[in-house]
Amino acid sequence: MGMTGEWSALPSANSLWAATAEPARDFPVFAGEHQADVVIIGAGYTGLSAAHHIAQSGLSPVVLEANRPGWGASGRNGGVITAKFRLSFRQIDAVHGRDMARRMYEIAHESTDIVEELVSEFGITSANLTRTGQVKAAHNETTLRAAIDEANWMTREMGSAEVRILDRGGVREETGSDVFVGGVLNPGSGGIHPLNYLRGLADGLARRGVPIFQESPVMKLRRDTDGIVAETPRGVVLARQAIIATNSYSDLTGATARLQRTLIPFRSAIIATDELPRNLAGKLMPTSRTYTETKRMMRWFRMVDNRVIFGGRGAFGKQDSHAAFDALRKAMVGIFPDLADVPLAYTWSGLVGMTLDSVPHIGRLDDRTLFSVGYNGAGVAMSSLMGRYLAALVRGETPELALLDARRMKAIPFYPLREPAVRMVAGWYQFLDAIGQ
Ligand SMILES: Cc1cc2nc3c(=O)[nH]c(=O)nc-3n(C[C@H](O)[C@H](O)[C@H](O)COP(=O)(O)OP(=O)(O)OC[C@H]3O[C@@H](n4cnc5c(N)ncnc54)[C@H](O)[C@@H]3O)c2cc1C
């Protein structure tokens, strides 16, 4: 079976995270025959958290990773941790009612809590997990009013922890930028070194004896009389159940490509500056939170090791492009003019998996195959939590999955047209942002 997708590309190589991470443990390449209760395909947060929770249940997992653990989105994301979905709780409430909104709210908060639990359970201090909050900064009065309205609704209707409304001066103090008219501070959010978190999980599991294999792509997944067989180039794993944890990289091989059809791949890009001189570093983002714009293109920024990290939409298609990084740089300098002459030290990108209904999906492909995908660009915490729910499904339990239940999932209609569709939607959002709507 042929390899497709980004197989040979190494876009994470030029990331700040790769440059500053703890050394990666070498995991063996899978060979021969191995029996396990559950074979897990993909060593990102979804796969590793599932392996941990399955091992804790007294069952035996084995993890097969096509590249090295963390090669996918889990090793190269922005490390912004938030208790929310792309679909707002207010939208959920309006369409699906109060009980659904409450359950989704609970799931969102469980997801940020589990990151803390896993970091503590495996002692991953190098992940530098902080819970210092997030500022949502508005470019104009229309988006500010919408952000404040949403925040007030969350406090009133969901009993959300007190959010703080920031005026123009308040958001200037928070960000060090003059361009915002106001904003909202959400104290529950946080930040993490995403690759150290991933490596800490992989290392901790390996020390506990959970078998993890690198450079071991599952080329084929097939049923046999008793269970399911995962074939890699040098061997086979025989298991009772399989978990597909390949998210937006599900088309690396044909074995998991079925899931790609439920996702719209969207490239997300990140730039990081050189270390700033001390006087400048002290001026920008002095409150050390994470920051997002109210714009639809989901730009965000944070300060790590005296560097500004700035993320947003990447290039269309399979590879990085200078144009996308230049556009990010221009947006960054628009917010922080002092950065005009500061060189970029790192530029990198990866794919996020968007879904038609803007929420992730977890469940069964069939009686022996489980999956969890579609984090819509907000998956650090959520994929960590889905590992716990996947383990519950493996044990035959029926957790209340609310809108995440895969039975609600819709396949992408006109799938071959998805890339032009992404361009069209992105172009429309950019237009709305430009006219301040
Ligand atoms: C640039 C970028 C920035 C982001 N920023 C944020 C952020 O700030 N906050 C946030 O919450 N979320 C963010 N996200 C999203 C978040 O990173 C993802 O939702 C999350 O990491 C998904 O984890 P996962 O384990 O499901 O998938 P991944 O980490 O992508 O792992 C999938 C793995 O499956 C492997 N694989 C694929 N096919 C096979 C096969 N056949 N056999 C074996 N292995 C296979 C791949 O090699 C890969 O390692 C960002 C994503 C990107 C790309």
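Ligands are counted one by one from 1 in listed order, and the atoms in each one are counted from 1 as well. Residues: numbered from 1 along the sequence shown.
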Task: Listed partners of His53 passing side chain to side chain donor-acceptor pair (under 3.5 Å), at least two apart - done: Ser49

Task: side-chain contact (heavy atoms from CB on, under 4.5 Å) between Val352 and Ser268, worked out - done: CA-CA 7 Å; Val352 303; Ser268 180; 3.9 Å; yes

TODO: State whether Arg307 and Asp305 are salt-bridged, where the test is any N-O pair (Lys NZ or Arg NE/NH1/NH2 against Asp/Glu carboxylate O) under 4.0 Å.
DONE: no

Task: Ion pair Arg223/Asp366, N-O distance below 4.0 Å - done: yes

Task: For Tyr197, ring pair (Phe, Tyr, Trp, His ring centres under 6.0 Å) partners two or more places apart - done: Tyr45

Which protein N or O atoms sit under 3.5 Å from any N or O of ligand 1? Give atom names and distances.
| unit_1 | atom_1 | unit_2 | atom_2 | d |
| --- | --- | --- | --- | --- |
| ligand 1 | 5 (N) | Gly78 | N | 3.0 |
| ligand 1 | 8 (O) | Gly78 | N | 3.4 |
| ligand 1 | 8 (O) | Gly79 | N | 3.4 |
| ligand 1 | 8 (O) | Val80 | N | 3.0 |
| ligand 1 | 9 (N) | Val80 | O | 2.7 |
| ligand 1 | 11 (O) | Val80 | O | 3.3 |
| ligand 1 | 11 (O) | Gly379 | N | 3.0 |
| ligand 1 | 11 (O) | Val380 | N | 2.9 |
| ligand 1 | 12 (N) | Gly377 | O | 3.2 |
| ligand 1 | 12 (N) | Gly379 | N | 3.0 |
| ligand 1 | 17 (O) | Ala73 | O | 3.4 |
| ligand 1 | 17 (O) | Asn77 | ND2 | 3.3 |
| ligand 1 | 21 (O) | Ser74 | N | 3.2 |
| ligand 1 | 21 (O) | Ser74 | OG | 3.0 |
| ligand 1 | 23 (O) | Ser74 | OG | 3.1 |
| ligand 1 | 25 (O) | Tyr45 | N | 3.0 |
| ligand 1 | 25 (O) | Thr46 | N | 3.0 |
| ligand 1 | 25 (O) | Thr46 | OG1 | 3.4 |
| ligand 1 | 26 (O) | Thr46 | OG1 | 2.7 |
| ligand 1 | 29 (O) | Ala73 | N | 3.4 |
| ligand 1 | 29 (O) | Ser74 | N | 2.9 |
| ligand 1 | 29 (O) | Ser74 | OG | 2.5 |
| ligand 1 | 30 (O) | Ala73 | N | 2.9 |
| ligand 1 | 41 (N) | Val218 | O | 3.0 |
| ligand 1 | 41 (N) | Thr253 | OG1 | 3.1 |
| ligand 1 | 42 (N) | Val218 | N | 2.9 |
| ligand 1 | 44 (N) | Ala66 | N | 3.0 |
| ligand 1 | 47 (O) | Glu65 | OE2 | 2.6 |
| ligand 1 | 47 (O) | Asn67 | ND2 | 3.0 |
| ligand 1 | 49 (O) | Glu65 | OE1 | 2.8 |
| ligand 1 | 49 (O) | Glu65 | OE2 | 3.1 |
| ligand 1 | 49 (O) | Gly72 | N | 3.3 |

TODO: Among residues two or more places apart or on two chains, list those pairs meeting salt bridge (charged side-chain N to carboxylate O under 4.0 Å, His left out) that have a residue in residues 36-50.
DONE: Asp37-Arg240

